[in-house]
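What you see is a predicted model, and the numbers here were worked out from it, not measured in a lab.
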Amino acid sequence: MPRYNHQKIEKKWQAVWEKKRIYRALDSSKKKKYYAMVEFPYPSGDGLHVGHVRSYTAMDIVARKRRMEGYNTLYPIGWDAFGLPTENYAIKTKIHPRIVTKRNTDIFRRQLKSLGFSFDWDREINTTDPAYYKWTQWIFLKLFEAGLAYKAKTTINWCPKDKIGLANEEVVGGACERCGTQVEKREKEQWMLRITAYAEKLLSGLETVDYIPEAKTQQEHWIGKSEGAELRFEIRDMKSEMVRQAHHENFVEIFTTRADTLFGATYVVLAPEHEFIKNYESRITNYEEVKKYIAEAKKKTDIERTSESKEKTGVELKGIKAINPANKKEIPVWISDYVLAGYGTGAIMAVPAHDDRDFAFAKKFNLPIIPVIEGEMSIGDSCYTGEGRLINSGKFNGTHSQKAKSEIVKFIGGNITTQYKLRDWVFSRQRYWGEPIPLVYCEHCAKEQKFKSLGEKINPGWIPVLENHLPVELPNVKKYLPTDTGESPLATIKSWVNVRCPRCKGEAQRETDVMPNWAGSSWYFLRYTDPKNKKAFADAKKLKHWTAVDWYNGGMEHTVLHLLYSRFWNQFLFDQKLVPTREPYKKRTSHGLIMGEGGIKMSKSKGNVVNPDSVVKEFGADALRLYEMFLGPFNQPVAWDPRGIVGMERFLERVWKFCHATYNTQQGTKKPSEHTERLLHQTIKKVSEDIEHLRMNTAVSSLMILLNEMEKNREQCTGATVKKFLLVLSPFAPHITEELWQLLGEKSAKWRSVHLESWPKYDKRKIIDTTFTLVVQINGKVRDSFEVLQHATQKEIEMLAFSRDHIKQALGNIPVKKVIFVPGRLINMVT
RNA sequence: GCCGGAGUGGCGGAAUGGUUUACGCAGAGGACUUAAAAUCCUUGCCCGCAAAGGGUUGUGGGUUCGAAUCCCACCUCCGGCACCA
């Protein structure tokens, strides 16, 4: 028997598979299609992470099983290669990001190939390839034309020392990651995508897809639909009634989901950014203090604003009061950063008796707390946020919250409205390594007022680059640092910025911001269907054949943003009749992170990063694949344990030896033992079902149990049994099973890979056990157990149980009041 | 702070209303060997030679003949975040 040399065997079969192209997906086929997909990696300089291996192995197993089940299977891969780390590396080393990206993708490709994934490498894509991002830009222009892209002022994180804008990720504890300087907020005009226009569609679409429940609820909560009301609070000036006739509206509009608590509103709070404040400047007597607070709020980063959640801050707008429209009482007006300008109307009515944040605020600033809902509450230290019957609410006393909501809105003349938490998507980055935004600003056309699309009308002067001029390629730059005015590095290249207007041919300037790296990943699943197409992002027929993605697995950390963004793009393209399905993914699952030893996150700085290369070299790809599948429940985070992998190595060694032993003795007629046969069929059933639910850990363990059993009953184990075992093991450990299949399998003229054989079916009649272990309990405690026939009746079992010495002894003279019988499991005697 | 998950032997985990600890790792004892590695067998919560008994699924309560599993409150860890009224 030859030694099991994983290095040699794995290399050998990887070469054969590649040469024979056994994993190639066909664009037309009589077979049913199956599209399995994993999140394509960001090719970082650190190389492949064992976390990638976890996800890619699991979907590889699914894809291999589908092929064996007779599907024309697409399992593609590519590179999501735009992004900050590469750009920051370029800034440091002055090496062009394109070169770094090439280097990193070469490493990743080699690593992925060494693990034996059944990717169709003919369809490899790269988001930084101009032939790819041409179409990212093209789709952006479609969004622009449809009026879903617009320029708006937003705040960015600004490092006053480095003089650059920072991503949220680069802000650590409110300070710049590189230099530690306190980060400020700066206003900047940015391109926005109106994802909010799709809020309802994104929400209702969730009902039509098969996502893990956590992903669905996370998305639902993120979209955050809530029915509420807009109510007007009159603003009264304290100095003189005369001012009320001034030029500004003398009311403020608030949004609430709890109109039923209106009588308990004891003050109004505005977001510091609320435009109302400026308009009332002359009438606010403490305007200096207010201005100071607004400036403070602006300085804070989002993270700071969040971490300060425990301690509420705010300033009263002195000199003005609001009128509670329900009871006409005068109440104070405050500003506080716990109210956000971007949600609702940027103003709230505060009901401290029935809202936790309002309660904390009122306690701190000694504002009155008036309960208006009957419920368990003590004014002392908590508030009641539930619903109930109204009190202290005039003629609404006794009405239930549900009913009171609409009645009170009607009573004071407010509007019932629907709000979404979802906000529009900031689509500009003042960076280099991203897709250029293919728009040109033309002063002349802005004045002309001749618009060819809704997008041009909303954004006067912004003209799309002509389709035959796409892609707008990234120009070469020497320095990648953004400029100290906060513009992208592209802004410094005058020869690139200054162009002829695509419309009037006059002098014009390019947009210098680039797209976020969410852009390329928002539609990549479409490009896989036709990756080399030069005329369209993908051919309509091929899209129809392949989409939607049947099963998409990715990280828990992407269940909100990436998933939502790509659903948005796909839904938009569907509305434009450019893709055949509304939803891009039929099924979505998520894998948990792989942590370092002891449950700490793997990171370079902690030095606990496991390199798959060394594991493959020492134990083999098959052992690594099995180990990662065996580690724990797939959807949960797991800690890496370097000792565990030897168990997989031993298992594979035993498979190797056992198959060779079978090969040497398989001549002669043997009858398989009934017991082994039953376990085989049970295992086929269990592995088949476990793969569908990604319960890979229990699938592997059941394969181990079968091997243990076959080893014990070596004499009764036939070649047919072993072959079926190899077939169900093959998706997990593709290399060793291919080698052994060639040894044991049928020899035919044409070479056949184990991975293209049929997936074995189990026989329903063969999986049923003839007996089971009956447990006897007394008052719920286990006292005895014995084997009984599967179809024994309750009477027979009761007789048997009562006649057991052990039970007789335990019961003594105590009468049994009740007997609970659970067929196939237990009998419980209650005394 | 908010949203979504998770807590079971020395360790990773299995069991989703019915025998807690399958499978694997580490440990202990034994077989083979001059010896070691590898391999195989046994063992593996506590008390006990054993039989018997008792304890145990983050903590505290509840529902049930019976709870790791369902309900309530709390603690700790992981992922996400835009204090969303």
Side-chain angles (χ1 to χ4, degrees), chain A residues 168 212-222 224 226 228 254-258 261 269 302-303 305-312 336-340 342-351 354-358 360 385 419-423 555-561 590 592-593 595 597-601 626-627 630-633 635-648 650-651 653-654 657 695 697-698 700-705 708 711 773-785 806 809-810 817-820 822 824-831:
Chain A
N168 282 338
I212 48 165
E214 302 93 290
K216 264 193 199 181
T217 42
Q218 289 262 58
Q219 293 230 338
E220 273 164 21
H221 289 194
W222 190 261
S226 66
I254 66 100
F255 175 75
T256 181
T257 56
R258 293 297 302 272
T261 62
V269 189
D302 286 356
I303 290 160
R305 234 165 124 154
T306 328
S307 64
E308 247 191 2
S309 56
K310 273 178 193 158
E311 192 65 13
K312 293 274 178 287
S336 172
D337 59 10
Y338 84 94
V339 175
L340 300 181
Y343 185 74
T345 58
I348 61 154
M349 65 176 199
V351 186
H354 304 292
D355 181 278
D356 290 322
R357 286 173 308 265
D358 298 345
T385 57
Q419 275 293 329
Y420 297 92
K421 290 178 197 171
L422 187 68
R423 287 187 192 168
M556 221 57 163
E557 68 277 14
H558 290 129
T559 44
V560 181
L561 291 176
S590 288
L593 278 174
M595 315 292 278
E597 274 184 82
I600 327 153
K601 207 169 178 167
L626 271 177
Y627 175 62
F630 188 69
L631 254 176
N635 60 347
Q636 245 130 82
V638 283
W640 188 267
D641 178 0
R643 288 168 306 184
I645 198 161
V646 300
M648 304 304 125
R650 281 179 203 156
F651 171 66
E653 286 274 2
R654 280 166 52 209
K657 281 185 197 160
R695 293 187 297 243
N697 53 336
T698 52
V700 173
S701 90
S702 66
L703 287 164
M704 289 171 167
I705 291 167
N708 291 347
E711 280 182 336
T773 309
L774 179 95
V775 168
V776 187
Q777 295 183 333
I778 296 174
N779 294 328
K781 292 209 176 211
V782 181
R783 294 293 159 182
D784 199 4
S785 69
H806 203 85
Q809 217 172 43
K817 280 187 202 144
K818 199 172 152 191
V819 175
I820 286 149
V822 183
R825 287 200 183 269
L826 58 73
I827 187 164
N828 186 13
M829 299 163 184
V830 186
T831 60

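Summarising the base pairing, B/A22 is matched to no nucleotide, lacking a Watson-Crick or G-U wobble pair whose two defining distances lie under 3.5 Å. When both pairing distances are held under 3.5 Å, B/U43 makes a Watson-Crick or G-U pair with B/G27. For B/A68, there is no paired base (Watson-Crick or G-U wobble, both distances below 3.5 Å). Nucleotide B/A15 forms no Watson-Crick or G-U wobble pair with any nucleotide shown, as no partner meets the under 3.5 Å limit on both distances. Base pairing annotation: B/A73 forms a Watson-Crick or G-U wobble pair with B/U59, both donor-acceptor distances under 3.5 Å. Nucleotide B/C49 has no partner under the Watson-Crick or G-U criteria, as no pair reaches both atom distances under 3.5 Å. The nucleotide B/C2 finds its pairing partner in B/G80, both defining distances of the Watson-Crick or G-U wobble pair being shorter than 3.5 Å.
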Taking only N/O atoms, report every protein-nucleotides 11-14 of chain B pair under 3.5 Å with atom names and distance.
residue, atom, partner, partner atom, Å
B/G12, O2', A/Leu631, O, 2.6
B/G13, O3', A/Asn697, ND2, 3.4
B/A14, OP1, A/Asn697, ND2, 2.6

Distances under 3.5 Å only, N/O to N/O: pair up the protein atoms with those of nucleotides 68-75 of chain B.
none

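Here the P atom of nucleotide B/C77 and the CD atom of A/Glu597 are 21 Å apart, to the nearest Å. Residue A/Tyr338 contributes atom OH, which lies 20 Å from atom P of B/A82 at whole-angstrom precision. When the P atom of B/C83 is taken as reference, atom CG of A/Leu340 falls 5 Å away, rounded to whole Å. Look at CG on A/Asn779: it is 8 Å from P on B/G66, rounded to the nearest Å. Nucleotide B/A82 holds its P atom 16 Å from the CD atom of A/Gln219, rounded to whole Å. Regarding A/Arg357, its CZ atom lies at a distance of 13 Å from the P atom of B/G1, rounded to whole Å. If you measure from atom OH of A/Tyr420 to atom C1' of B/C84, you get 15 Å, rounded to the nearest angstrom. At whole-Å resolution of the value, CG in A/Leu826 and C1' in B/G66 are 8 Å apart.
Remark: A/Asn635 engages no residue in a side chain to side chain donor-acceptor pair (under 3.5 Å) (not counting sequence neighbours). Residues satisfying the side chain to side chain donor-acceptor pair (under 3.5 Å) criterion with A/Arg357, sequence neighbours excluded, are A/Asp355. Every salt bridge (charged side-chain N to carboxylate O under 4.0 Å, His left out) that A/Arg695 has, sequence neighbours left out, goes to A/Asp690. For A/Arg643, the salt bridge (charged side-chain N to carboxylate O under 4.0 Å, His left out) criterion is met by A/Asp641, not counting sequence neighbours.
Phosphate proximity of B/C23 to A/Arg650: absent, as no side-chain N or O sits under 4.0 Å from OP1 or OP2. The phosphate of B/A85 (OP1 or OP2) has a side-chain N or O of A/Tyr343 nearer than 4.0 angstrom. For B/G24, the OP1/OP2 oxygens have a side-chain nitrogen or oxygen of A/Asn708 closer than 4.0 Å. Taking side-chain N and O atoms only, A/Arg825 has no distance below 4.0 Å to OP1 or OP2 of B/G17. Note on A/Lys216: every side-chain N or O is 4.0 Å or more away from OP1 and OP2 of B/G4.
Projected onto RNA chain B by closest heavy-atom contact, A/Gln809 and A/Leu561 fall at different nucleotides, the more 5' of which corresponds to A/Gln809. Along RNA chain B, the nucleotide closest to A/Lys781 and the one closest to A/Val822 are compared, and the more 5′ of them pairs with A/Val822.
Considering only heavy atoms from C-beta on, A/Glu711 comes within 4.5 Å of A/Arg654 through its side chain.
Here A/Gln218 lies in heavy-atom contact (under 4.0 Å) with a base. Among the atoms of the strands shown, none is found under 4.0 Å from any heavy atom of A/Leu703. Within the 4.0 angstrom heavy-atom criterion, no nucleotide atom of any strand lies near A/Gln419. Residue-level contact check: A/Asp358 touches neither bases nor backbone, having no heavy atom under 4.0 Å from any strand. In this structure, A/Val775 reaches the bases: a heavy-atom distance under 4.0 Å links it to at least one base atom across the strands shown. Counting non-hydrogen atoms under 4.0 angstrom, A/Ser785 reaches nothing in the nucleic acid. Using a 4.0 Å heavy-atom distance criterion, A/Val646 is classed as a sugar-phosphate-only contact. A/Ser702 comes within contact range of no nucleotide atom at all, as no heavy-atom separation falls under 4.0 Å.
Here B/G12 is in the anti range [glycosidic angle more than 90° from 0].
Side-chain to base pairing of A/Asp337 with B/C83: one donor and one acceptor N or O lie within less than 3.5 Å of each other.
Between A/Trp222 and A/Tyr420, the ring center distance fails the sub-6.0 Å criterion.
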Exercise for review: Take A/Ile254 and A/Thr256 through the side-chain contact (heavy atoms from CB on, under 4.5 Å) test and state the conclusion after the steps.
Suggested key: CA-CA 7 Å; A/Ile254 66 100; A/Thr256 181; 4.1 Å; yes

